[in-house]
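Nothing fancy with the numbering, it's 1 onward along the sequence. Only heavy atoms go into these numbers, but all of them, side chains included; no hydrogens, no water, no symmetry mates.
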Amino acid sequence: MSQDYYEPLILVVEDEPKLAQLVIDYLQASNYRTHHIARGDDVLAFVQQTPPDLILLDLMLPGVDGLTLCREIRRFSELPIVIVTAKIEEIDRLLGLEIGADDYICKPFSPREVVARVKTILRRCKRTPEEVQKASLLVMDESRFQANWCEKPLDLTPAEFRLLKTLSQEPGKVFSREQLLNHLYDDYRVVTDRTIDSHIKNLRRKLEALDSEQPFIRAVYGMGYRWEADVCRLI
């Protein structure tokens with residue numbers, strides 16, 4: 001297999017070991033990478049540190065239930081979520097979709113159906129392997145204060161470059177305005193929090209001019225900003 005081929009990562013959140021392994025086997029046979037978590041209270045930390053391409057999320061979990069997890073994940077990510085449930089009451093289905101799930105699968109199910117649904121949702125969400133591979137090309141040259149997105153140059157000021165470096169090196173981490181200010185200037189000049197907002201606005205505009213469909217920087221109400229796109233490579 002080519003080294004450039006990207007295998008999407010599917011997070012399987014399921015507390016029934018045999019069922020989880022069956023789904024994992026079918027996903028891996030279809031060239032998906034997988035990670036299994038059995039407890040709900042272990043999910044958020046993993047998703048924030050290693051964002052998967054899609055989550056298969058069981059409703060009934062020890063620790064934290066699936067509906068609560070779906071609601072919490074939607075506070076910081078738009079990644080596809082498929083709820084898996086043995087509860088077939090219409091209210092549960094509607095509730096799951098209303099809090100941000102992309103689809104649902106009822107138990108018992110065919111593992112082939114799961115794989116087919118995963119493929120459909122990833123395609124619908126424009127997270128095909130080729131698109132994900134393309135999205136992981138932020139290259140930053142610190143010695144020259146130069147950055148490229150998908151081999152397209154970004155014309156950045158030194159302050160914008162520092163902001164981009166700080167945010168993109170820790171995807172998913174929320175930085176307060178004060179934290180970002182500490183990375184912005186070397187001469188300890190007096191600036192306001194709104195300076196960060198202005199720089200973020202300009203940085204977003206330049207990034208989105210190169211790729212209008214990629215989520216780059218998201219504001220987290222009352223907290224600050226976080227990087228939403230894929231990894232950064234420094235040279």
Legend entry - Verdict with reasoning, Glu14 to Val23, per side-chain contact (heavy atoms from CB on, under 4.5 Å): CA-CA 10 Å; Glu14 171 60 62; Val23 171; over 6 Å; no
Legend entry - Taking every non-hydrogen atom, the tightest pair across Pro80 and Asp102: CA-OD1, 3.1 Å
Inset, instruction - Carefully, step by step, assess Leu154 and Leu210 under the rule side-chain contact (heavy atoms from CB on, under 4.5 Å). - result: CA-CA 8 Å; Leu154 282 159; Leu210 299 183; 3.6 Å; yes
Inset, instruction - Indicate whether any N or O donor in one side chain lies under 3.5 Å from an N or O acceptor in the other, for Asp53 and Tyr32. - result: no
Inset, instruction - Enter the distance from Ile217:CD1 to Leu207:CG here, rounded to the nearest 0.5 Å. - result: 6.0 Å
Legend entry - Separation of Leu27 CG from Asn31 CG (nearest 0.5 Å): 11.0 Å
Inset, instruction - Measure the CZ-CG distance between Arg162 and Leu181 for me, rounded to the nearest 0.5 Å. - result: 12.5 Å
Inset, instruction - Start with the C-alpha gap between Leu22 and Lys18, add the side-chain angles, then the distance that decides, and say whether side-chain contact (heavy atoms from CB on, under 4.5 Å) holds. - result: CA-CA 6 Å; Leu22 179 63; Lys18 291 183 179 179; over 6 Å; no
Inset, instruction - Taking the six-membered ring for Trp and the single ring otherwise, decide whether the centroids of Trp149 and Phe216 are under 6.0 Å apart. - result: yes
Legend entry - Pair Gln21, Asp25: side-chain N/O donor-acceptor within cut-off below 3.5 Å: yes
Inset, instruction - Answer yes or no: is there a donor N or O on one side and an acceptor on the other, between the side chain of Ser77 and the main chain of Ile73, under 3.5 Å? - result: no
Legend entry - Any donor-acceptor pair under 3.5 Å from His36 side chain to Ala20 backbone: no
Legend entry - Close side-chain approach of Val118 and Ile10, heavy atoms under 4.5 Å: yes
Indicate every side-chain donor-acceptor pair of residues 37-46 with a distance under 3.5 Å to a residue at least two apart or in another chain.
unit_1 : atom_1 : unit_2 : atom_2 : d
Arg39  : NE     : Asp41  : OD1    : 3.1
Arg39  : NH2    : Asp41  : OD2    : 3.0

Legend entry - Separation between CG of Leu59 and CG of Leu67, rounded to the nearest 0.5 Å: 4.5 Å
Inset, instruction - Determine whether the aromatic ring centres of Phe145 and Phe161 lie less than 6.0 Å apart. - result: yes
Legend entry - Non-neighbouring partners of Asp65 that pass side-chain hydrogen bond (donor to acceptor under 3.5 Å, both in side chains), sequence neighbours left out: Thr68
Inset, instruction - Please report the closest heavy-atom contact between Ala219 and Arg204, naming both atoms and the distance. - result: N-NH2, 3.3 Å
Inset, instruction - With Leu56 as reference, evaluate Val114, Thr34, Leu11, Ile81 under the side-chain contact (heavy atoms from CB on, under 4.5 Å) test and give the passing residue. - result: Val114
Inset, instruction - Locate the shortest heavy-atom distance separating Arg177 from Arg194; write the atom from each residue and the value. - result: NH2-NH1, 3.8 Å
Legend entry - Gap between atom CG of Leu180 and atom CD1 of Ile200 - 0.5 Å precision: 6.0 Å
Legend entry - Derivation and outcome, side-chain contact (heavy atoms from CB on, under 4.5 Å), residues Val47 and Leu69: CA-CA 11 Å; Val47 171; Leu69 282 172; over 6 Å; no
Inset, instruction - Could you tell me whether the side chain of Thr166 reaches within less than 4.5 Å of the side chain of Trp227, counting heavy atoms only? - result: no
Legend entry - Residues that Arg205 engages under salt bridge (Lys or Arg N to Asp or Glu O under 4.0 Å), provided they are two or more places apart: none
Legend entry - Side-chain touch Leu57/Val84, heavy atoms, less than 4.5 angstrom: no
Inset, instruction - Look at Glu228 together with Arg218 and state whether they make a salt bridge at an N to O cut-off of under 4.0 Å. - result: yes
Legend entry - Shortest non-hydrogen contact between Gln179 and Val174, atoms and distance: OE1-O, 3.9 Å
Inset, instruction - For Glu113, check side chain to side chain contact (heavy atoms under 4.5 Å, CB included) against everything at least two apart and list the hits. - result: Ile105, Phe109, Ser110, Arg117
Legend entry - Thr85 side chain reached by Met60 side chain, heavy atoms, under 4.5 Å: no
Legend entry - Contacts of Arg112 that satisfy salt bridge (Lys or Arg N to Asp or Glu O under 4.0 Å) - sequence neighbours left out: none
Inset, instruction - Working to the nearest 0.5 Å, report the span between CG of Leu203 and CD1 of Ile196. - result: 10.5 Å
Inset, instruction - State, to 0.1 Å, how close Pro8 and Leu122 come at their nearest heavy-atom pair, and which atoms those are. - result: CB-CD1, 4.1 Å
Legend entry - Salt bridge Lys152-Asp211, side-chain N to carboxylate O under 4.0 Å: no
Legend entry - Under the salt bridge (Lys or Arg N to Asp or Glu O under 4.0 Å) test, residues paired with Glu16 that sit two or more places apart: Lys107
Legend entry - Arg33 side chain to Glu7 backbone, donor-acceptor under 3.5 Å: yes
Inset, instruction - Report yes if some heavy atom in the side chain of Met140 is under 4.5 Å from a heavy atom in the side chain of Leu164; otherwise report no. - result: yes
Inset, instruction - Please report the closest heavy-atom contact between Glu160 and Lys206, naming both atoms and the distance. - result: OE1-NZ, 2.7 Å
